[in-house]
Structure formats: C-alpha cells, structure tokens
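Structure below; questions to follow.
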Protein chains: 2
Amino acid sequence: MTQSPWDRSLAVTTDIVIFTIRDRKLELLLVRRAAAPFQGQWALPGGVVGPDEGLKACATRALDEQTGVSGVYLEQLYTFGDPGRDPLRRVISIAYYALVPSDRLELRASAAPQAVGWFALEQLPPLAFDHCEIVALAHHRLVSKLTYSTIAFQFMGEKFTLSELQAVHEIILAQRVDKRNFRKWALALEQIEPTGEERRDGKHRPAQLYRLKFPGRVEIIR
Amino acid sequence: MTQSPWDRSLAVTTDIVIFTIRDRKLELLLVRRAAAPFQGQWALPGGVVGPDEGLKACATRALDEQTGVSGVYLEQLYTFGDPGRDPLRRVISIAYYALVPSDRLELRASAAPQAVGWFALEQLPPLAFDHCEIVALAHHRLVSKLTYSTIAFQFMGEKFTLSELQAVHEIILAQRVDKRNFRKWALALEQIEPTGEERRDGKHRPAQLYRLKFPGRVEIIR
DNA sequence: GCAAAAGTGTTGGAGATACACCCATGA
DNA sequence: TCATGGGTGTATCTCCAACACTTTTGC
C-alpha cells in the first residue's frame, strides 16, 4: 500500500536459540555483540533477512555462519516486534530455535570473528534486547514438546544408547525418569531401531546402540 | 547494521484468520481485495504494521476496523515471509487468528468499504497470496488446541448452555461427542459456573445457563 | 567376587470410554 | 400424551506409574 519513510529504518531479522546438551547440561549458544546497541553484551545469534531470502533460509544461514553446523532441527518459534525492543531502530525479529546433537558442536572458529560461547541455561549472562524473553519461550516450547513429540531425539548423534536418550530427557525436564517406563515408551514409538552394535565403556555390561529410523523427522505423538 | 536499498520495498503486515461459529458451521471472515495484486479476489483481512505499532496491536486494529469487534481472543499463529509470496514486493506477514463469539459478529458496515463476508471453512473461494496455507495452519492449530485447552470457550457468548458448548466442539472437531462424558469433562475444568438462570426455547425442559469464570482466559489442561 | 550400568515384567489405580434412562416443557 | 432436548450414573477398559531383581562386563 502506501510506502512510508520509516521503511528506511525498519529491519527484519532472525534470532536463533541454539540448544545443545553438553556436560549433562542444557546449553545454548551466545555471541558477543560487536556493535551498538548493547555493544559487548551477549546476545542470540541471528542475521538480517536478505532481499530474496526466506525466513528459515536466513536462520539456517546464520546458524551455519555461527556454528558451522547444518542440517539440524530448526523450527520457527515466535515473532517479536515491540516498538522499542531495539533502542536505535525498529526491528522485527522472527525467532527460531535449533537443536544440535552433542557430537557435532565444534564451533567453526574461522567464521566466528566475534566471541562465541556455550552457556548453561541456568547460568546465562545478561542478554541484549528482549533475548531473555525469547530464550524463556524457547525453553518452554522445548519442554512442552518433549512430552508430546519425539523432538528430544534430535539431540542424539547417529548412534546412541537408550540410557543416553533417557539422560537427555532427564536433563531437559530437570527431573529423574523411571528407566523401565522410559524404555517401554521410547521403543513403543517405533522411531528408533537397534543397530546390532554395542558400545562398551566402563566396567559394566555393554549397551545396545540404536539409530533413528527417520533422521530429522519429529513425530507428534498421543 | 547495513541499511540496504531493498528496505524501501519491504512491507511488514499482519493477516488475521477470524473464526466464528455461524449456522452450525465454522466460518471465517474474508475481504475482497480492492487493489493489485489479486485485485477482486478474496483474502484474509490484515494491515500494514505502523512505525510505532506493536504486532498484536496492528492485528487488533485491523480486526476492529474490519469487524467492529474488539476484546476477543487473538493469538499469534506463524510468520510467513517467502520471497515471492507477493508478486509485486517483499512482504513479511505475521499471521494471527481470532475467535469471535457468535453473539457479536455483526459487521460494522460503515468501516468496511470493501466487500466483506463470512465463509464456511469447507467452502472457501480461491484466496489471494498464500492465504490458503495460512487458513489451513490456523484450522490445524484450532483443532489441536481444542483437545488440550479451553480455547473453544472463547466462541461462547456471555451466557450459554452446555449443549451449545458441546455443539461448538462437535462443529470444530467435525464429529459427534458423547453428551455425558462431555459434560463431566467441561464441568471438571472448573472454568465455567452456572448463572442460576435458565433458557427456555422450544417444547422441552429449559437449560441451565453457564458463564465463564475467567472471561478471555484460556487454560492449558492435561 | 564385586562394583557399576544394562536390561527386563507385573500390578494397581486413575481416568477415559461406552452406554440407557428419567425429567421438564410446549404444543 | 407425546415429542423434544435437558440432565444424570455406572461398568469396563486402557494406559500410566510404581516398583526390584538378574545380567554382563572390567577390574
């Protein structure tokens, strides 16, 4: 319709909450801001949506640029657009969240000129903008989805044991889970299958290794 | 960051899927487009996000302008931003959906210079842009939420009978529901209470009238 | 042989489902 | 008195939660 002058200072961006499980904690990736506003503060990674770039494509690109990982689970979360969330200009940001399997979270150092780091969800530094709110919403969504979908499977590497899968659930829910019931639940979903291989580690019985039947697919259950 | 020239032709809008129950059907509001592209075609109501306008405020305003209703349930649905979804320019649209109680869906004629109309979800005309996809997603969300929240209560007027509430559920789910079980379920939620009044209509026993204990509040259950 | 994690079955209870009859009213 | 929708209780079943012991290995 009408083209108003404020279009000049409008920006559309994506912000990404990148979760992983590290060291038996739920962690997420933050970058230190190089420019004003909030210069020097930690913030969610993200990028400006390009002229011919789709929203998810923008998030994927930002994810790849910051972490070097690609092909991981990525889902649109919510769109934040309060006037004043950025003190300098009007920014509308489409938030995504991503789940990165623990076995490929080496950060690509070259492509990350800014400081980048993993932080435990429970011990986040002060965040720029309204990123704290975004993180809270992403966390809430993750916990909810855990109970009615197979989303947690996206944290697993190519091969994993049932105990590892259980640990992921326990970490996200922040509570213990009954081993027998968990195994019945996980196997009944018919989303994983044994590889036939075993993993030996430590002085105890080796564990059966499983793999996802449909990698990348998240099933809504119940 | 960098300010690129394409900002000139970027627009951020909201689109709203306005549901109501009319004549025992799930219907939604469409407007006929006055301008190109898709001139003369039916589309979702919506508006351009103003310079100092919040996203939800924009949706609320558009809703009010098109229907004259306000204070109804309104929730952000998803953000659509594929390049090319509008053939003339880049448009990023934050979709919302609204639920309007049947007892106040008189359209404000004065404020609706364009043609406006209610359409049964099952018999929609061809829609402009990707609005068909937006409607499908909104419908899916509504059906899902029906089973794990009290969202359907937002379709009810100030006073309503349990049979009316049941009818709303049956219409949205497109299937019959057991009367006894439905009543047990609805009452156990403790979100509605009897007014003490009765409604007589037809040659049968009058029905108890109920009201929402917390109007506007949608409870997540289970 | 012992420590440590892997692996497995059964039972009881809560909540959902299925189902049929009486009640109050208007015509 | 009959047709119409309003209103209620109970038996059954299914699924979830709780719970303890045996197996295999490394040291």
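Heavy-atom basis, side chains included; hydrogens, waters and symmetry copies ignored. Note that the structure is a prediction, hence the values are computed from the model and not measured. The sequence lines fix the lettering, A, B, ..., with proteins before strands; numbering per chain opens at 1.
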Rounded to whole Å, the CZ-P distance (B/Phe182 to C/dG15) equals 19 Å
Checklist entry - Is a donor-acceptor pair below 3.5 Å formed from side chain B/Lys179 to base C/dT17, judging by atom type as modelled? => result no
Students should find that the end-to-end axis angle of the helix from C/dG1-D/dC27 to C/dA27-D/dT1, with five pairs defining each axis and rounding to 10 degrees, is 10°
- Message: So does A/Glu219 get a backbone contact from the side chain of A/Gln191, meaning a donor-acceptor N/O pair under 3.5 Å?
- Response: no
Tell me whether the rings of B/His131 and B/Phe129 are parallel (<30°), tilted (30 to 60°) or perpendicular (>60°). tilted
Per the under-4.0 Å heavy-atom filter, residues of residues 188-203 of chain B near DNA chain C come out as B/Arg200, B/Gly202, B/Lys203
May I ask you to check whether over 12 heavy atoms, not counting those of A/His140, lie within 6.0 Å of atom NE2? no
Could you go through residues 16-26 of chain B and list every donor-acceptor pair under 3.5 Å that involves a side-chain atom there, pairing it with any protein atom two or more places apart or in another chain?
residue: B/Thr20; atom: OG1; partner: B/Val100; partner atom: O; Å: 2.7
residue: B/Arg22; atom: NE; partner: B/Glu27; partner atom: OE1; Å: 2.8
residue: B/Arg22; atom: NH2; partner: B/Glu27; partner atom: OE1; Å: 3.3
residue: B/Asp23; atom: OD2; partner: B/Lys25; partner atom: NZ; Å: 3.2

Whichever of A/Arg205 and A/Lys184 has the more 5' nearest nucleotide on DNA chain C, that residue is A/Arg205
Atom CG of A/Asp178 and atom C1' of C/dG9 are separated, to the nearest Å, by 12 Å
So the salt bridge (Lys or Arg N to Asp or Glu O under 4.0 Å) pairs with at least one residue in residues 138-164 of chain A (sequence neighbours excluded) are A/Glu75-A/Arg141, A/Glu75-A/Lys145, A/Lys159-A/Glu197, A/Glu164-A/Arg199
base_contact_polar (C/dA6 base, A/Arg180 side chain, donor-acceptor, <3.5 Å): no
Residue set satisfying salt bridge (charged side-chain N to carboxylate O under 4.0 Å, His left out) with A/Arg222, at least two apart, ordered chain then number -> none
For B/Arg200, the side chain to side chain donor-acceptor pair (under 3.5 Å) test, sequence neighbours excluded, returns none
Residues passing the side chain to side chain donor-acceptor pair (under 3.5 Å) test with B/Arg61, sequence neighbours excluded, are B/Glu53, B/Glu65
- Salt bridge between B/Glu193 and B/Arg211, side-chain N to carboxylate O under 4.0 Å? yes
Checklist entry - Is B/Gln41 reaching over with its side chain to a backbone N or O of B/Arg32, donor-acceptor style, under 3.5 angstrom? => result no
A/Asp103 meets the salt bridge (charged side-chain N to carboxylate O under 4.0 Å, His left out) criterion, sequence neighbours left out, with none
Atom CD of A/Gln208 and atom C1' of C/dA6 are separated, to the nearest Å, by 11 Å
Expected list for residues 144-170 of chain A near DNA chain C, using heavy atoms below 4.0 Å, is A/Ser163
5'-most to 3'-most nt of DNA chain D touching chain B (<4.0 Å, heavy-atom partner on protein side) reads D/dA3 to D/dT10
Separation of C/dG1 atom C1' from A/His204 atom NE2, nearest Å, is 18 Å
The complete set of salt bridge (Lys or Arg N to Asp or Glu O under 4.0 Å) pairs with one or both residues in residues 121-132 of chain A, sequence neighbours excluded, reads A/Arg85-A/Asp130
B/Glu133 meets the salt bridge (charged side-chain N to carboxylate O under 4.0 Å, His left out) criterion, sequence neighbours left out, with none
Whole-Å distance, B/Gln175 CD to C/dT17 P, equals 10 Å
